Asker: 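If you scroll down you'll find the structure; I have some questions about it.
Quantities reported herein were computed from a predicted structural model and do not represent experimental measurements. Atoms within each ligand, like the ligands themselves, are counted from 1 in listed order.
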Amino acid sequence: MKFDTPATTNPIDRLRVIGQPLDRIDGPLKVTGTARYAYEQHDVAPGQAYGYVVGSAIAKGKIVSMDLAAARRAPGVLAVVTAENAGKLDKGKRNTAKLFGGPQIEHYHQAIALVVAETFEQARAAAQLVVVKYQEEKGAFDLAALKGAAPNAPSEEDSPTQSAVGDFAGAFASAPVKLDQSYTTPDQAHAMMEPHASIARWDGDKLTLWTSNQMIAWGVGDLAQTLGIAKENVRLVSPFIGGGFGGKLFLRADILLAALGARAAKRPVKVALQRPLMFNNTTHRPATIQRIRIGATPDGKITAIGHESWSGDLKDGQPELATQQTKLLYAGANRMTSLKLAVLDLPEGNAMRAPGEAPGLMALEIAMDEMAEKLKIDPVEFRIINDTQVDPEKPKVPFSQRQLAECLRQGAQRFGWDKRSATPGTLRDGKWLVGMGVASAFRGNLVMKSGARVTLGKDGIVTVFSDMTDIGPGSYTIMAQTAAEMMGLPIDKVKVELGDSSFPASAGSGGQWGANSATSGVYAACVKLREAVVQKLGFNSADAVFEDGAVKAGNRAVPLTQAAGDGEITAEDTIEFGDLDKTHSQATFGGHFVEVGVDAATGEVRLRRMLAVCAAGRILNPKSARSQVIGAMTMGAGAALMEHLVVDKRRGFFVNHDLAGYEVPVHADIPHQEVVFLDETDPMSSPMKAKGVGELGICGVGAAVANAIYNATGMRVRDYPITLDKLLDRLPALS
Ligand code: MOS
């Protein structure tokens, strides 16, 4: 089905199942521990052996020799695989560094060997016996030192890294009020609960992998290419994923090494990346240095806005797209953005929840706060003054729907913004300096082609099959809701099977496109299924109504259980979005409001209240959508206050590479969180009229926290995370 015009009437709009705050259909499996994650698929392949990964101890250089003899002799060892004995390997197109290194080493903890043994403990013990001699080369690890020489990042089709409209330099120079500031964000880790893990089983030349991966179809293609085998011979199964945040968009070492280990050991092999290996072995969100210049008239109209961002990655890697939102968020006739990319020998940088906007807004939305202060305009008001209903770079392209101003207004009202003191450092609650901060939230709404197959059985049960994944947001549930709504069934008459490459290829889980795109794929397949049912039962498709488990027209009603006869009816389709992304700018919007307390003596920052008001199209399930947003707000709080991969600039690795050293928020860090969704249906986004929320929720949170800290203390911190050492020397004495 090609979707390129607004759907005027469609069964989804009945909102009997869609739009309801239903519990997750996979909830019972999750809470009883019976939803099995990749490493727990104990019975899918008998005789599973265990692989343990050896990571490189240098960041750059080459392996001179590897002595595997002692490891091979160790108890229980079945095989030791290295790049040298693994056979010819290519690289999938989505991996920048090789998943299996050697002799050349591209980054610290790049996988260089897999030890396979009867038990995990034997594999781990034997891995310590692998002796590696390296020839280390000097690497580049310091983004700040390379900043001056970093060239423009190469542009991708549809995603230019440089943009210019009007005369930015002239307009900025002559602006009556202006700001020119720099901000930094650190490297961050996805730090998901479930480590990357895979079980591999070969049946002749057919390879099956139980894994944890967000994008099944990409994974099949990249693994087939890496191994040099036909895609048809690779099957990925990933029914449950314990978090991904972008870290499982692409293949990681576990899946390739499980496949190679199983081939070498002639047994099914399971591999999980050990937690202390993950941080340097996999990808991370790259650090940025950002310079923002804003010029405005005294009444607060932006006349010039410029945003440059520097980030680093391995050779042939990608920039962090931190200027993305600045192209679209605020009006202003004269504008420029520029992304610079330095070559670094740190582990591969790549997508992490809201890549681009998450770190970009951490800078831009502090700059907006600073500018509002210079203008003596309330920061909520300053943002509303500069709202726009068209793409500021392409004035002929309207937003399909944009309620940023409404989010900010409603948020301010609900949060009690009028009680904020405009003068920083003036509100006190005992030992706490108290302040409020605001930031806009913005995240693009991508649409991706997505397929599904649906069957109706003689029991009246509809089953949805798709390679879509559920990384936690509730894909199972909203896809079931979609099929239930389309077929006029209650949700308990729908089953959903996901995450298997033998099912139709879907949008997958990434870039917050999953909810809208994957449900639209189910919609398309159900349109076909309805047609097949109508034909079979001799109804006229124009009058047939699907409701209460029956097809009805006039005074005739036939239960769906009769449609399939003795067998089942199957329909399959794929939704495609035409040139929707060219005719309309699609995005999601929000306002984040945060209240903090800062200990006047120690500089400790405590969050006191958080509110997000979101405009993100139709909310398919308010309960799971709210969970997405509060999770994202929590991650945003982590980015503001604690998350920081610390680079060892001599040896080139992330020092704090475990969950003891890499701090993320825990329950005690998070206060009352409130999430409000504006009542919105986006007629352009899809037949579902929905968008995504999973990334919107993190966008802007960091800056809202930073701005609240400024409002509380009068101290402007422009380098994240805002740890107490950055406040301590300037704190007012405890009085
Ligand atoms: Mo997302 S960073 O595309 O999982």
Side-chain angles (χ1 to χ4, degrees), residues 94-96 156 158-159 185 187-196 211-219 222 238 240-252 278 282-288 311 313 317-322 324-325 347-362 441-450 467-475 498-499 506-518 581 586-588 616 624 627-629 631-632 634-636 638-639 643 645 664 691-702:
R94 293 173 186 85
N95 294 118
T96 303
E156 305 249 325
D158 283 352
S159 171
T185 63
D187 296 287
Q188 294 175 343
H190 303 84
M192 70 292 279
M193 290 284 281
E194 183 205 18
H196 303 75
T211 189
S212 184
N213 188 284
Q214 298 174 222
M215 299 294 298
I216 298 299
W218 291 359
D222 278 351
S238 186
F240 295 103
I241 300 173
F245 310 120
K248 294 171 181 170
L249 283 169
F250 318 113
L251 301 183
R252 304 298 352 145
M278 275 174 59
T282 67
T283 60
H284 64 281
R285 190 201 298 283
T288 66
S311 62
D313 202 356
Q318 295 156 13
E320 177 67 30
L321 306 174
Q324 207 155 247
Q325 70 292 319
E348 178 179 336
N350 218 313
M352 179 168 138
R353 202 173 199 168
E357 284 96 324
L361 284 163
M362 286 167 76
F442 173 95
R443 172 69 179 163
N445 183 61
L446 299 165
V447 286
M448 297 279 271
K449 167 172 154 173
S450 197
D467 85 352
M468 180 61 188
T469 48
D470 192 335
I471 62 176
S475 318
L498 298 183
S506 73
S509 300
Q512 81 169 13
W513 63 63
N516 181 45
S517 301
D581 56 341
Q586 287 202 61
T588 57
S624 54
S627 292
Q628 276 296 286
V629 176
T634 302
M635 210 162 170
E643 291 192 47
L645 284 169
V664 296
K691 295 176 185 169
V693 297
E695 297 188 328
L696 177 67
I698 191 175
C699 292
V701 174

Asker: Side chains of T469 and S238: donor-acceptor distance under 3.5 Å anywhere?
Answerer: no

Asker: Is it the case that E357 and Q325 place a side-chain donor and acceptor less than 3.5 Å from each other?
Answerer: no

Asker: Taking atom types as modelled, find out whether T288 and T185 have a side-chain donor-acceptor pair closer than 3.5 angstrom.
Answerer: yes

Asker: Within the protein, flag every N or O under 3.5 Å from an N or O of ligand 1, and note the pair and distance.
Answerer:
| residue | atom | partner | partner atom | Å |
| --- | --- | --- | --- | --- |
| ligand 1 | 3 (O) | G511 | N | 2.5 |
| ligand 1 | 4 (O) | Q214 | NE2 | 2.8 |
| ligand 1 | 4 (O) | G246 | N | 3.0 |

Asker: Is the shortest side-chain heavy-atom distance between N350 and F250 below 4.5 Å?
Answerer: yes

Asker: Just by distance, no angles: are the side chains of S212 and K248 close enough, under 3.5 Å, to form a donor-acceptor pair?
Answerer: yes

Asker: Hey, are S506 and D467 close enough side-chain-wise for a donor-acceptor pair under 3.5 Å?
Answerer: yes

